[in-house]
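Encoded as structure tokens, the structure appears first; notes follow it.
These numbers come from a predicted model, not from an experiment. When reading the values below, keep in mind they use all heavy atoms of this one structure, side chains included, and skip hydrogens, waters and symmetry mates. Lettering follows sequence order; numbering is per chain, from 1.
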Amino acid sequence: MSIITSLTLLESIRLDGGPAAWREFFRRYGPMLLGFARRSGFSEADSQDVVQEVLLAVHKAFTQMESPFDRTRGKFKSWLRGVARHKVQDMRRRRARQAVTEREASLMIDQALLDRDFEFEWRRALLIDCLVETSRQIDPAVYQAFELYAIRGESPAAVAKLLGISRNAVYISKSRVLKTARQVLARRLAEEG
Amino acid sequence: MMSSCPTHDMLQRYAGDDCESTAAREIETHALSCRRCAATLAELTGRDGLLEEFRAAVEQADSAIAGEVVLDRLQRRIESTLFGDSQ
Ligand SMILES: [Zn+2]
């Protein structure tokens, strides 16, 4: 399976806008947007509403506009961040009007804080993407050894036995996979701009 | 082919992804049969900042698996808004 870069993904949404492209888009950005909305302290229902509003706005922009954001590489992230921030602030305004206490009204926090939350969720989603891409570039046993030993903290002996490889190979999987992952991450960051 | 152990500095550069690919392959081949170097490499990368980040991200993703039902439902809701219920 080839890796879909976010730009090709965006392109396919713009061109056909259909459910398949959309589902892939949701898979990639849905969880991080939900994480972002939850960080803003909304109820679960409100957080999901925010995600829905962001994604409807993205869809509308992509299917109706010629060029929703500057299409040079790297601009999608800041465009999406702007849309997400705007929807969070909309929701806050709605909730603030209904707010009965000062504390609830103080949910209206500043933009810098929202940007920081967005960055956090974005980075986390990017790291998971990098691991998935890395796992496809590497011998499956080596990647599994890395995940079990380096990520999940299983003992080298147990991992070696489970995968039928030497304990040294388990040790080395850590640096080998990290090396590839670092390259994948660097490329993805360069694509983001 | 490397017969004696690479220097600590070489191992460190390998772990930090700062060595060219021929040297990297030699170090890997050597460490396959040298417990000491393999363990040193594992220890050097154990303090890797990126690895720490990966661990945290995977941990979060693991705990989010329980939230997948939520995401599924949300996805269906958005899809039916976008494309109708015929999907
Ligand atoms: Zn050695």
- Is the closest basic N to carboxylate O distance between R182(A) and D48(B) below 4.0 Å? yes
- Item | Salt bridge present between R124(A) and E53(B) (N-O < 4.0 angstrom) | no
- Message: At a 4.5 Å cut-off on heavy atoms, which part of F120(A) comes close to chain B: side chain, backbone, both, or neither?
- Response: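 Contact with chain B is absent: no heavy atom of F120(A) under 4.5 Å.
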- Message: Please classify the contact of R176(A) with chain B as side chain, backbone, both or neither, using a heavy-atom distance under 4.5 Å.
- Response: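 Interface part for R176(A): both.
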Nearest non-hydrogen partners of [X] and [Y], listed with the distance:
{"X": "L127(A)", "Y": "A57(B)", "result": "CB-CB, 4.1 Å"}
{"X": "L32(B)", "Y": "S166(A)", "result": "CD2-OG, 4.4 Å"}
{"X": "D49(A)", "Y": "R77(B)", "result": "OD1-NH2, 2.7 Å"}

- Check: T45(B) and Y171(A) side chains under 4.5 Å, non-hydrogen atoms: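 The answer is no, as the side chains (C-beta and beyond) never meet within the 4.5 Å cut-off.
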- In terms of heavy-atom proximity below 4.5 Å to chain A, should A31(B) be classed as side chain, backbone, both, or neither?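 Both backbone and side chain of A31(B) come within 4.5 Å of chain A.
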- Query: For C37(B), is it the side chain, the backbone, both, or neither that has a heavy atom closer than 4.5 Å to a heavy atom of chain A?
  - Reply: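 Answer is neither: C37(B) stays 4.5 Å or more from chain A.
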- Any chance you could lay out the side chain to side chain contact (heavy atoms under 4.5 Å, CB included) test for F54(B) and T134(A), step after step, and finish with the verdict? CA-CA 12 Å; F54(B) 279 135; T134(A) 300; 6.0 Å; no
- E79(B) vs F26(A), side chain to side chain contact (heavy atoms under 4.5 Å, CB included): CA-CA, chis, key distance, verdict: CA-CA 10 Å; E79(B) 272 181 29; F26(A) 186 89; over 6 Å; no
- Item | Among E44(A), R123(A), K174(A), residue most engaged with chain B (heavy-atom pairs, under 4.5 Å) | K174(A)
- Query: If you tally heavy-atom pairs under 4.5 Å against chain B, which of A181(A), A150(A), P156(A) wins?
  - Reply: A150(A)
